[in-house]
Each structure stands twice: as C-alpha cells, then as structure tokens.
Number of protein chains: 2
Amino acid sequence: MKIPELLAAALPQDCVTTEAWALQSYGCDRTTIWPAQAVAVVRPRHIDEVQRCVQLANEHGFALVPSGGRTGLSGGAVASNGEVVLSLERMNRIVDFDPVDASVRVEAGVVTAQLQDYARDKGLYYPVDFAAAGSSQIGGNIATNAGGIKVIRYGMTRDRVRGLSVVTGKGERLELNRGLLKNNTGYDFRHLFVGSEGTLGVICEANLALAPAPADPLVLVLGVPRFADVLEVLASFRQRFSLSAFECFSDNGLRKVCAAHQLAPPLSTPAAYYALIEVDECDGAAEQAVAAFEYCVDQGWVSDGVISQSLGQAAELWKLREYLSETLAAWTPYKNDISVAVSRLPAFLVEADALMAARYPDCEVVWYGHIGDGNLHLNILKPERWSKDDFLSRCSAVTDELGDLLVRHGGSISAEHGVGLLKRDYLHYTRSPAEIELMRGMKALFDPRGVLNPGKLIG
Amino acid sequence: MKIPELLAAALPQDCVTTEAWALQSYGCDRTTIWPAQAVAVVRPRHIDEVQRCVQLANEHGFALVPSGGRTGLSGGAVASNGEVVLSLERMNRIVDFDPVDASVRVEAGVVTAQLQDYARDKGLYYPVDFAAAGSSQIGGNIATNAGGIKVIRYGMTRDRVRGLSVVTGKGERLELNRGLLKNNTGYDFRHLFVGSEGTLGVICEANLALAPAPADPLVLVLGVPRFADVLEVLASFRQRFSLSAFECFSDNGLRKVCAAHQLAPPLSTPAAYYALIEVDECDGAAEQAVAAFEYCVDQGWVSDGVISQSLGQAAELWKLREYLSETLAAWTPYKNDISVAVSRLPAFLVEADALMAARYPDCEVVWYGHIGDGNLHLNILKPERWSKDDFLSRCSAVTDELGDLLVRHGGSISAEHGVGLLKRDYLHYTRSPAEIELMRGMKALFDPRGVLNPGKLIG
C-alpha cells in the first residue's frame with residue numbers, strides 16, 4: 001500500500017487527503033523558498049489518532065511534518081521532501097479552564113487569537129501576541145517558543161507552559177508536568193519540547209498560565225533621530241514605568257506601512273527611528289509619560305512624539321508596528337531575526353550597520369525590533385531586477401558575516417523565529433559543535449527512526 | 001595511584017584533602033540518613049580544574065558528587081559510597097554585573113545571601129529566598145531548582161537563569177544561552193540542567209536575572225480555624241493585591257518555634273492554622289489589607305490577625321515561618337515535600353489528612369506550606385522511643401500511599417526539594433516509565449560513564 005492508503009486504512013477516512021490544493025497549501029509556511037512537495041495531509045481529531053500516525057510512520061518509514069497555522073518564517077513547517085503533513089488544526093478545543101489556577105488546557109490547534117479572546121472573556125489575559133496571532137496555533141507557538149510584542153513584561157511562550165501532552169517520535173505519549181507550579185522530579189522535558197520545532201515529538205495539548213487582565217494601554221510613538229539614543233529613551237521610561245512593550249522601527253519601514261494601509265504618519269516631523277512604548281493607563285500615568293517624553297526631548301534624544309488619548313488611538317498607533325511584517329512581504333524580504341544582550345546593542349549596531357551598508361549597497365534594509373529584549377529584525381528587500389535565487393545566495397553569504405559578528409557579541413542567529421530550514425546552516429554561530437552533537441543524541445533518543453520533521457533544525 | 005593521589009597530581013596540591021573531618025563534613029547534606037563515606041574532597045578554584053576532575057573521573061572510573069552548601073533535604077549531595085566530593089565553594093566570585101541587562105554572572109559557589117546582598121547594594125533584588133539562604137550556594141540552587149517563599153510572585157530559580165557554564169559528565173564545557181533574553185536555536189539545554197541534581201554536569205557559572213527592588217513589605221499573620229478556609233483567604237487577598245508571599249503553617253509548628261526561639265505567639269487567640277501574607281507597602285495598602293482581613297473575619301474564615309506596623313515587626317512575623325524547618329530538625333522529621341494544583345488542594349487535603357491520621361497515630365504531624373504554589377511540607381516527627389531505622393521504614397510505607405494519592409490528584413512527590421536518594425524510589429509516582437527511561441537515555445548522553453552523582457535521582 002502507498003502511504004496515503006496506509007493512513008486512510010488506519011484512521012477515519014476523512015482525516016486523510018491527497019488533493020492538490022491541500023498538498024500545496026499545507027506543504028508551505030510563510031517562507032517562499034521551498035516548494036510544497038507533500039504526499040498527503042492528515043488531520044486527526046484526537047491524540048490517539050496522532051499517535052497512530054507516528055506509529056505508522058515508524059513502521060513504514062515515512063516522514064511527518066507537524067503543522068499548525070503555518071505562519072512560521074524559517075521553514076520549520078515546510079513539507080518539500082515527500083513528507084506527510086500532520087495538521088493539528090482539527091484539535092482546536094479549549095478543554096478546561098480553572099479560575100483558581102488561572103490556567104487553561106487547550107488542544108494544539110487552538111488559534112492564538114481564539115485563546116486571547118477566551119482569556120479576555122474570563123477576565124484574564126493570554127499575553128503572547130504578535131502579528132500572526134489571528135492564524136498561528138498554540139502547538140506551533142510552543143514548538144517555536146513564540147515571542148512577540150509583550151515579551152518585555154510577560155516573557156516568551158515558554159514562560160506560559162505549565163504542562164504538555166506530547167507524542168514522541170517513538171510514538172509514546174508523555175504527560176509532562178501536568179500543570180504544576182512546582183515539580184522538582186528530575187529532568188524537565190517540558191522545556192525540551194518548547195522550541196524543539198516538531199523534531200522530538202508532536203505537541204497535542206498544553207496547560208497554559210493566564211495573566212491577570214492588564215490595565216488599559218497608554219501608547220506613545222516617539223521620533224528618535226539617532227539609534228543609540230533609543231536605548232536612552234528605553235532607560236528613561238523604564239525608570240518611571242513597568243513597560244508592557246518597547247518596540248522600535250525605522251522610517252523607511254513606517255513609510256511603507258503608511259502607504260500600503262493608507263495610514264497617516266504619526267508625527268508631523270519624520271525621524272530616522274521611532275520608539276513605540278506601551279505602559280499601563282492609571283492615575284498619573286499620562287503625566288509621567290509626558291514628563292519622560294519631555295526629559296528625552298530636553299536631552300536631545302527625541303524630536304517629536306504622540307501619546308494616545310483613547311483606546312482607539314492606541315490601537316491605531318500599534319498598527320504602524322504590527323503591519324510591518326505583512327507590508328514588507330511584497331518585497332520578498334530576507335529576514336534576519338537576531339538578538340544580543342540589551343547592553344550590547346549599541347556596540348553591535350554600529351558594526352551591523354556598517355556591514356549592511358557595505359554588503360547590501362543595492363538593497364534596501366528595513367529594520368525593526370523588540371529593543372527591550374535585545375531582538376532585531378533586519379529585513380533585506382529584494383531589488384526587483386534580481387532573481388530570487390540570486391538574491392538568496394547573496395543574502396546567505398552576508399548571513400555568515402553577520403554570524404561572525406554575533407559570535408563576537410555573544411548573540412543569537414535566531415531570537416524568536418526558530419531555525420527550521422532557513423537558519424539550519426547557521427546554527428553553529430550560536431550553538432557549539434558539542435551542543436549540536438548533543439542535540440543529535442537527543443533527537444535519536446526521542447525519535448530514533450527520524451520520522452518527525454527530518455532535516456529541520458539540525459539537518 | 002590511589003584516587004586522592006591522582007587528583008593531587010593533576011591539580012594544585014591544596015585543592016585535595018582526605019582529612020577525616022573534611023570527609024565527614026563534605027560527605028553529608030541536611031539529611032541524616034546516609035553516613036558520609038567519601039574518599040576525598042576536591043575544591044577547585046577554576047572551571048578548568050573542574051573539567052580536569054571530571055576527565056580524571058572518566059579516565060580512572062571514579063565517581064564525583066558535585067557539592068554546594070549541602071543544605072539539601074533529599075540526599076542529593078551525600079557521598080556515602082566512596083565518591084570524591086567536588087566542592088564548588090572556592091568558586092565564589094561575582095564575576096560581572098550589568099545594570100542595563102539587570103543581570104549578574106556568578107560562580108557556582110556564591111552563597112545565596114551573598115548574592116541577595118550584592119543585588120540590594122546595586123538597587124536590585126535577587127528574589128529566590130528560603131530558610132537556608134545563608135549557607136546554600138547558587139550552583140546547588142540551580143541544580144535543585146530551589147523554590148522558597150517568594151515563588152508566588154517571582155517563580156523558581158529556573159526563572160532567574162539566563163545562562164549556564166557547565167562541565168558535562170563527559171568532561172565537555174558548554175556555554176548555554178549566554179545571558180540572552182531571546183534565543184530560539186534548538187533544544188534549550190539550560191533548562192535541562194536546572195533541577196538535574198548534579199547528574200548531567202557540574203554547574204560552574206550562571207547568568208542570573210535580577211528583579212527591580214521591591215517596595216517595603218507589609219506582613220499579616222491571620223488565624224484560620226479551618227484549613228479549607230485558607231484558600232478563601234488566599235482568593236480574597238489576591239483580588240486586592242499582587243501578593244509577594246502567602247505561607248501557611250499549623251499551630252503545633254508555631255508553638256514549637258515560639259518555644260525554641262523565645263518568641264511571643266502572634267495572636268492572643270490561637271487558631272489551628274495561620275496564614276502569613278506579604279504585600280507591597282504603598283499608599284492605601286494597609287487600609288486595603290485591613291479591609292480584606294475584615295471581610296475574611298465577617299465570612300467566618302479568620303478568627304484573629306496582626307498586621308506589621310514597621311519593617312522590624314514584619315521581620316519578626318517572618319521568623320515564625322522561617323524558623324520552622326530548623327526548629328523541627330530536633331525531632332528528626334521525615335519530610336514530605338509535595339504539590340498539587342492550587343485548585344486541587346482542598347480535595348487533596350481532606351484525603352491527605354485522613355491518611356496521616358490513620359497511618360501515623362503515634363506521630364506528631366507538623367505541616368506548613370507555600371499554599372499559593374500548591375506546595376505542602378508534611379513533617380512527620382519521630383517519637384523519641386522509636387529507632388531511626390524503624391521510623392524511616394514506617395514512613396517509607398506511608399509515602400507509597402501518599403504517592404498513590406498524589407497520582408489521583410495529579411500532584412508531585414517532590415515539589416522543591418528534589419529527588420536525590422530520599423525520593424528516588426518514589427519517582428514513578430510522578431514520572432511515567434517512559435519518562436524515566438528517557439531520563440536514563442539523557443543521563444547516558446551527557447554522562448556515558450556515569451561518573452557524576454551516580455545513584456541519585458534515577459538510581
């Protein structure tokens with residue numbers, strides 16, 4: 001029997017499809033580098049069916065690509081090598097909620113925004129948020145340890161995970177940590193699965209910690225002529241506030257967003273960089289924010305600024321940042337998602353700027369970032385006249401130089417997007433040979449036949 | 001050559017000792033069950049010397065017990081089987097501090113209180129705190145993922161660790177995560193080493209996140225006649241405050257502490273249980289606390305209470321809780337350190353109480369706990385007339401029944417003390433056979449010759 005027939009024989013018939021549109025659609029993520037080449041798509045409704053798929057893959061030696069909302073940017077969910085896509089999208093129930101524990105148990109296919117809405121209805125908050133929250137799924141978020149715009153206050157997806165139900169590459173079911181706050185009984189495999197990009201097991205269910213509902217947001221956008229001063233602005237606001245967000249973007253990115261979405265620029269005087277700052281609205285917050293702003297102006301760090309006067313205006317200001325990734329997609333950008341310690345940012349940026357200017361004289365570079373976390377997104381836009389292949393190979397060469405620079409500054413070649421296929425050949429800039437060898441050993445332990453997402457992360 | 005001679009030949013001479021007092025003192029932790037039987041104590045000053053020790057152990061097939069402040073309660077640092085104790089106490093430098101990152105890099109032998117003081121001097125806060133903070137060392141805290149009295153707000157030691165320098169059982173050095181806030185480049189070994197109890201590698205250095213300095217504390221001690229109502233009190237205070245601590249202890253424990261330390265009881269009317277609550281002092285906090293207290297009295301949950309009027313009084317009230325562990329040591333207690341989800345506590349406690357009453361009719365049971373984390377310390381006091389062996393074997397039998405109860409309530413057999421030798425035979429109540437098998441595989445990966453802390457955790 002062929003693989004799709006094997007699957008169809010073992011699972012409810014409507015779980016398996018080989019229709020062309022499905023193979024195409026489920027075989028890709030948001031990268032556009034690798035063609036979809038899946039042989040089947042299987043969409044189980046229950047963890048038992050996931051387990052059956054993995055067992056079949058072991059018995060018959062075929063490969064599975066665990067699949068969520070496919071909003072990834074590193075090719076971690078691409079099936080371009082004859083794999084079976086294992087989509088978790090039908091496992092999208094919110095299984096349980098406990099107000100005393102302030103936690104939810106959800107299946108992997110729950111969409112991020114669905115969980116955010118659910119939490120809000122319960123008077124609580126699911127704080128992991130990013131541009132793709134309307135499509136990304138919780139299982140994928142956990143597999144890539146998704147970050148986003150609220151990390152500065154709430155941490156990464158990792159920091160929400162109190163428990164996981166997984167099916168390992170061997171086909172075993174593990175119930176990891178069961179939602180406990182305290183459990184010191186040996187190696188914490190839960191944290192091993194967070195960020196493992198579908199290579200060790202399939203995440204089927206998670207117990208997630210919710211946060212108290214936040215106060216209404218007060219949002220500022222400030223124009224900052226020189227990048228180094230962005231960090232001074234950060235320090236000035238940190239002295240007065242526990243920040244909810246501190247984002248930064250360059251003027252060329254802002255102009256593209258405003259043009260694409262018919263938005264007015266936030267400030268009458270443009271600046272080379274902008275800082276978007278969110279704090280909790282409370283008694284005196286606006287006065288404090290104005291005081292911090294005026295201090296930054298007096299110091300010469302900030303040229304102009306706007307502060308939200310309503311929730312509507314706060315949401316409008318956020319659009320300037322949130323629409324960036326989607327807007328730039330029109331230029332087929334090559335994305336670098338890098339991080340250094342916040343204290344290293346100024347020195348790193350001087351060198352990174354020089355590298356970009358020297359090595360991409362013909363390309364526009366748009367950058368933005370979660371500055372409060374030391375995380376920068378450097379987007380290299382493809383000149384229209386260049387072919388995709390040509391562009392990619394030039395960018396790859398520069399990424400090697402960027403890798404060397406990151407080594408010198410103790411940084412990471414992938415801050416929040418993960419490794420997948422896109423950053424696999426650059427992994428050695430952040431992880432040592434000994435670590436990569438141990439990663440291979442770990443892969444062999446959980447997935448000895450290599451059926452889960454082969455070729456991703458460690459190749 | 002014998003082992004001590006091998007070590008003395010490879011390391012600076014004053015690093016190795018075989019004096020009887022040292023073998024005795026470094027061979028034990030705070031358990032008193034296993035006799036010290038070390039063959040040597042080695043106290044390196046540098047990670048290179050640690051690495052040399054591990055390499056020698058691999059070459060010559062002897063066992064090492066990594067050793068910190070030896071304040072552990074599960075026998076994780078006991079050397080009772082002819083091992084070499086590898087003490088990190090001389091590696092006690094605070095290597096680096098960065099105010100922008102709000103982080104410190106410390107060697108493993110730094111004492112917890114030393115780091116707390118250092119952070120305070122810098123206007124920051126190291127929030128992991130517990131009774132043994134004056135002797136416990138950071139390396140040991142990380143190896144056991146130490147919890148304590150501030151977990152409800154700040155999390156466990158795990159949540160502080162931004163980077164680790166370790167020497168694996170193979171003798172390789174790994175630099176894990178290098179202090180980054182965001183780094184999604186594959187399996188996060190840092191979290192694997194946190195709580196690994198010295199079985200995978202020797203933690204030599206750590207990058208730790210400091211917290212902003214907290215406000216002055218406001219402390220309440222409330223008398224609660226019925227245990228189930230403690231959770232109502234918790235909910236009432238949580239509605240009004242972001243709590244810094246919520247501890248609970250029983251009246252028989254309090255009486256022992258007051259007697260041993262010549263302290264006055266906090267309330268004129270004793271109650272069966274006491275809740276110790278800490279919140280941030282700020283405008284209106286005392287009024288809010290009194291309102292919450294009065295609400296709890298009106299509901300019949302609380303019989304009496306006291307609220308601190310000064311920092312000195314807050315510290316005095318804390319003594320009632322902090323002296324408990326040390327005070328009970330006189331009774332050679334058998335310690336159960338268990339957890340369930342907070343929402344499961346009431347149902348669990350009804351059954352646990354019944355079990356204790358039925359199975360320990362001759363023993364006094366003193367319990368206290370970090371209720372806000374679902375963590376209970378059940379201390380069984382040894383009747384004077386019973387021998388230690390007799391007492392231990394009776395307690396072990398009851399622990400099996402407690403294990404069954406925990407399985408039914410989805411709890412953990414070791415919330416924060418770790419497994420070591422004491423809980424090794426009960427590990428299966430919290431971790432499945434598949435998980436334990438994977439733990440063995442992981443041990444073989446990092447420490448193939450089994451030279452690090454053999455027999456601990458997974459036996």
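Order of the sequence lines fixes the chain letters, A, B, ..., with proteins taken first and strands second; residue numbering starts at 1 for each chain. Keep in mind that this is a model prediction, so the values were computed, not measured.
- The two residues B/Arg238 and A/Val100 have their closest heavy-atom pair at NH1-O, 4.2 Å.
- For A/Glu172, the part sitting under 4.5 Å from any heavy atom of chain B is the side chain, from C-beta outward, and nothing else.
- A/Ser432 and B/Leu174 make their closest contact through OG-CD2, 4.5 Å (heavy atoms, listed as atom of the first residue, atom of the second, distance).
- For the residue pair A/Met439 and B/Phe189, the shortest heavy atom distance occurs at CG-CZ, 3.5 Å.
- When each of A/Pro99, A/Pro212, A/Ser343, A/Ala434 is checked for heavy-atom pairs under 4.5 Å with chain B, A/Ser343 comes out on top.
- Taken from NE2 in B/His191 to CZ in A/Phe193, the straight-line distance is 15.0 Å, to the nearest 0.5 Å.
- Looking at B/Lys443, the atoms closer than 4.5 Å to chain A (heavy atoms on both sides) sit in the backbone and in the side chain alike.
- Residue with the most contacts toward chain B among A/Ser339, A/Ser74, A/Ser414: A/Ser414 (heavy-atom pairs, distance under 4.5 Å).
- Rounding to the nearest 0.5 Å gives a distance of 13.5 Å between CD of B/Glu175 and OG1 of A/Thr430.
- Applying the 6.0 Å contact sphere to CD of B/Glu437 captures no more than 12 heavy atoms from other residues, nucleotides or ligands.
- Of the listed residues (B/Leu181, B/Thr144, B/Leu180, B/Asp337), the greatest number of heavy-atom pairs within a distance under 4.5 Å of chain A belongs to B/Leu180.
- Comparing B/Asp159, B/Val194, B/Thr199, B/Thr168 by how many heavy-atom pairs each has under 4.5 Å with chain A, the most go to B/Thr199.
- At distances below 3.5 Å, at least one donor-acceptor pair connects side-chain atoms of B/Arg431 with backbone N or O atoms of A/Tyr187.
- Considering CG of B/Asp283 and CG of A/Asp283, their distance stands at 11.5 Å, rounded to 0.5 Å.
- When each of B/Thr185, B/Val342, B/Leu176, B/Asp101 is scored by its heavy-atom pairs under 4.5 Å with chain A, the top score falls to B/Thr185.
- Interface check for chain A: of the options B/Leu200, B/Val419, B/Ile458, B/Leu231, the most heavy-atom pairs under 4.5 Å are formed by B/Leu200.
- Heavy atoms closer than 4.5 Å to chain A are found nowhere in B/Ala235, neither backbone nor side chain.
- Between chain A and the options B/Leu192, B/Asp98, B/Leu438, B/Leu457, heavy-atom pairs under 4.5 Å are most frequent for B/Leu438.
- Here the options are B/Asn184, B/Asn183, B/Asp188, the test is side-chain hydrogen bond (donor to acceptor under 3.5 Å, both in side chains), and the partner is A/Asn145; only B/Asn184 passes.
- Closest approach of A/Lys182 and B/Val151 over heavy atoms only: CE-CG2, 3.7 Å.
- With a 4.5 Å cut-off on non-hydrogen atoms, A/Arg158 touches chain B through its side chain but not through its backbone.
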